[in-house]
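Let me begin by presenting the structure, written as structure tokens, before commenting on it.
Fair warning: this is a prediction, and the values are worked out from it, not measured in the lab. Labels below follow one simple rule: chain letters A, B, ... track the order of the sequence lines, proteins then strands, and each chain is numbered from 1.
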Amino acid sequence: MFPSDQRSWRPNWCAKVFWPCTAKRGTDMRYISRFDEARQAIRRVITDFLEGAGWGNAASLVTVEVPTEHGHGDLTTSFALKIRSQTQVAPRTLLEKLAPHLADLPMMETYEIAGPGFLNFMLKTAWLAVAIDEACRNPDRYGNSDVGGGCSVLLEYVSANPTGPMVVVSGRAAAVGDTLARVMGAAGYQVSREFYINDAGKQIATLGQALALRLLELGQECVLDSWPDGVYPGEYVKDLAHHYCELNPTVDSKTLGVDDYPGLGHWAADQIRQAHEKTLAAFRVIFDRWYSERELRDSGAPEKVIEQLYDRGFLVERDGARWFTSSQFGDDKDRVMVRSDGTLTYMVPDAAYHKDKFDRGFDYVIDLLGPDHHGYVNRMRAVVEALGYPPARLEIIIIQLVRLMRGEELVRMSKRGGTFVTLEDLIEEAGVDPARFFLLERAPETPMDFDLNLATLKGSDNPVYYVQYVGARIHSILNQWRAMRQPTAAIDLALLTAKEERHLIVLVARFPDVIGRVALERAPQHLPKFMTDLAHAFHAFYRQHRILDAEPLVRQARLALIEAVLVVTTRGLNLMGISQPKKM
RNA sequence: GCGCCCGUAGCUCAGUGGAUAGAGCGCCUGACUACGAAUCAGGAGGCCUGAGGUUCAAAUCCUCACGGGCGCACCA
């Protein structure tokens, strides 16, 4: 039983809910970040105090947070305001009594009571600076945590139809899904990544028809005057036709008929799927499993789902068809599962696929779907619930539209006309690093404009270079330091007292929390934001302070500091699937 | 008509019920005889679409408008 099971069924399925997962594994080796440790220690003092005063039931309202504003401490809590109605004590009076208990905490530098009843904490710099040491010692692991508690999660994303090239919104899903997978892995989830291939059904036959017509054109060296509606007209089918002829030189295109369409379609779909895999690999997105709808169908799983729904009484016959009574689970209307001609609707294999996901024992099942699928959310939840699985464990994130712009001008995409801007085009024009950064900057469910002019810029206008430049500068400094062949002094991080240095220490210490937050909220956009903040803090430090020219003990401390910053930028970029160049 | 997403600086967007709402781009002023100026310091720019409600506290939660986008098949 997981906490999310008790969560009320939310029509707003966007993953804004912040819930913990009961730890299953890894509790012995629990890593606690500096910020987590401070938070827990402060919270414990406060709850002990409240219990002592007879307000123990208010303890759940005590939260210790990173403030939004600078100047409100490293951590802050507003619990005194929140529990006022229960205690009937003026918040500031309560805090005056509580505060002395906090002074003894080992990480506490100062605290202040502010505003109507906030309590702000400044942590000891040297205590936070332990994070610098942790980062330098664990360059490949720093930032990891076990907030995921070892829970297993299946992420399905992209799942583009193998009937044509991938469009840019698939690229967004790829960037978001891949980054979530990387981050959740770092945060202690056991992640599996899946791509579901719709390689069955009518669309495959239609693809086969398109191929057959292109083969006919090739064979007769002509161009057809009319093209049937809804049959993929894109240029890519011509390329497939050429390839097909090379492999099958004896094919007689004039004899191809309806019976040949499925076979041709399967061949074409497989070619396109392989192209998808190649493009995604170039985008640094890899999957653990490519799940074939066709194999699912061959296994008989769809029919089993029909039976199961029927046995449970959720399938009724009406107008000669069999309907799933999804409306009793919150869907707008019932859905046809078996048409009056006996064939299955596309929904059935999808239902079987989701059943299979849960049967494989995943604690969480996360789907990233395209913007044209949001009408589909309720019915898939309905299926999950009807089959007896907790619907809250199916999380669906809708990846919203990407509009491509060139400055002010909208880049038109027309699927019907067969003209695309494909993910491949985007990679070629913008490059993987800027493309991924831009696609990750925005919340997945927000429609976004992608300005190709901005992404293509090589200069300072491009935020990804701003972040990468940090690492390049640090590499350069560290190389020069090694070339100096100076004796290494002992590291005394207490020498890092300037405000720019402190800011960097705080950010390095906060990195594990950022990873945890991205994982728990399924909100990748916080990562580029954090990286930009870190880059800004580093560049400000760098302009203000000398490193190699500093007095030896200070130099040694600053070298440790920038090494830790390098660890964080490199890891942070890596979690976004973005490179950290040593030179730019 | 019904459902979903979005509405925050000129533009693109962040924002965890909390304090003076932030960033990037664009605009204006300054800063290299310097470990990398792809940088830094500063400035201007806001009725958070509107109206009610809940709350000690609302950009954030609820209701209703308005505006933009996308879905609403015995298609996949």
Side-chain angles (χ1 to χ4, degrees), chain A residues 11-14 16 18 63 65-69 71-72 76-78 81-82 84-85 90-91 114-118 120 161 163 198 200-204 206 230 293 318-323 331-333 335-341 343 345-347 349-350 370-378 398 400-401 403 405 407-408 438 441-443 445-451 454 457-463 465-466 468-470 472-481 484 517 521 523 525-526 528-529 532-533 535-536 538-550 562 583-584:
Chain A
N12 180 0
W13 28 263
C14 285
K16 282 207 168 163
F18 206 93
T63 56
E65 292 153 350
V66 174
T68 31
E69 296 283 316
H72 295 156
T76 185
T77 178
S78 58
L81 289 159
K82 289 191 175 116
R84 190 206 327 236
S85 58
F118 298 102
N120 300 334
N161 283 339
T163 52
N198 290 110
K202 211 156 127 187
Q203 60 175 354
I204 297 304
T206 307
E293 178 188 350
R318 211 183 292 155
D319 307 327
R322 300 174 97 183
W323 300 68
D331 197 5
D332 327 348
K333 47 184 152 186
R335 308 285 171 179
V336 171
M337 300 289 263
V338 187
R339 298 188 191 94
S340 43
D341 66 3
T343 59
T345 62
Y346 77 99
M347 200 183 149
D350 270 358
D372 49 338
H373 281 81
H374 61 239
Y376 169 95
V377 173
N378 285 342
I398 297 290
Q400 279 294 344
L401 278 181
R403 291 200 311 168
M405 311 288 288
E408 299 285 296
F438 273 81
E441 260 187 311
R442 273 86 214 219
E445 64 271 21
T446 306
M448 67 172 283
D449 286 0
F450 188 115
D451 188 344
L454 204 56
L457 281 179
K458 293 283 181 271
S460 56
D461 299 338
N462 197 325
Y465 297 118
Y466 183 77
Q468 289 176 320
Y469 188 46
V470 171
R473 268 183 155 170
I474 294 174
H475 273 295
S476 169
I477 296 165
L478 293 177
N479 283 336
Q480 287 174 61
W481 164 244
M484 283 164 73
R517 186 177 168 204
E521 289 184 40
Q525 71 272 19
H526 299 310
K529 176 74 165 51
T532 307
D533 289 347
H536 185 244
F538 174 77
H539 291 311
F541 158 78
Y542 178 86
R543 294 297 288 181
Q544 189 68 31
H545 302 284
R546 308 292 296 169
I547 297 163
L548 296 178
D549 300 348
I562 65 170
K583 286 181 181 167
M584 294 172 70

* Asked: Within the pair A:S476 and B:G36, is there a side-chain N or O less than 4.0 Å away from OP1 or OP2?
  -> yes

* To do: For B:G69, take OP1 and OP2 only and decide whether either is under 4.0 Å from a side-chain N or O of A:T446.
  => no

* Checking only heavy atoms, does the side chain of A:H374 share a donor-acceptor pair with the base of B:G3 at less than 3.5 Å? -> yes

* To do: Classify the angle between the aromatic ring planes of A:H373 and A:Y376 as parallel (below 30°), tilted (30 to 60°) or perpendicular (above 60°).
  => perpendicular

* Presence of A:R339 side-chain N/O under 4.0 Å of B:C75 phosphate oxygens OP1/OP2 -> yes

* Out of B:G15, B:A37, B:A73, which has the shortest distance to the side chain of A:K333? -> B:A73

* Asked: Does OP1 or OP2 of B:C4 have a side-chain N or O of A:Q400 closer than 4.0 Å?
  -> no

* Answer yes or no: does a side-chain N or O of A:Q544 lie under 4.0 Å from OP1 or OP2 of B:U39? => no

* To do: Among B:A14, B:C75, B:U16, find the nucleotide with the atom closest to the side chain of A:K529.
  => B:A14

* Which nucleotide sits closest to the side chain of A:H526: B:G15, B:C40, B:G36? -> B:G15

* Asked: Backbone N or O of A:P371 within a donor-acceptor pair of the A:H374 side chain at under 3.5 Å?
  -> yes

* Structure fact -> Among B:U39, B:C13, B:C6, the one nearest any side-chain atom of A:Y466 is B:U39

* Would A:T343 and A:D341 count as having a side-chain donor-acceptor pair, cut-off 3.5 Å? -> yes

* To do: For A:N120, answer base if it contacts any base atom (sugar-phosphate contacts may also be present), sugar-phosphate if it contacts only those atoms, and nothing otherwise; contact means non-hydrogen atoms under 4.0 Å.
  => base

* Asked: Counting any heavy atom closer than 4.0 Å, what does A:I477 reach on the DNA or RNA strands: base, sugar-phosphate only, or nothing?
  -> sugar-phosphate

* Just by distance, with hydrogens left out, do A:T206 and A:K202 show a side-chain donor and acceptor under 3.5 Å apart? -> no

* Asked: Any side-chain N or O of A:Y346 less than 4.0 Å from the OP1 or OP2 oxygen of B:A76?
  -> no

* To do: Check the geometry between A:F118 and B:A19 and answer yes if their rings are stacked (centres below 5.5 Å, planes below 30°), otherwise no.
  => yes

* Asked: Can a side chain N or O of A:R335 be found less than 4.0 Å away from OP1 or OP2 on B:A76?
  -> no

* Look at all strands and tell whether A:D319 reaches a base, only sugar-phosphate, or nothing, counting heavy atoms closer than 4.0 Å. => base

* To do: Would you mind classifying the nucleic acid contact of A:A114 as base, sugar-phosphate or nothing, using non-hydrogen atoms under 4.0 angstrom?
  => base

* To do: Consider the side chain of A:I547, meaning its heavy atoms from C-beta on, and name the nucleotide among B:A76, B:C35, B:C74 that approaches it most closely.
  => B:C35

* Structure fact -> A:R442 has its side chain closest, among B:A23, B:U12, B:C74, to B:U12

* To do: Find the distance A:D372:CG to B:C5:C1' and express it as a whole number of Å.
  => 13 Å

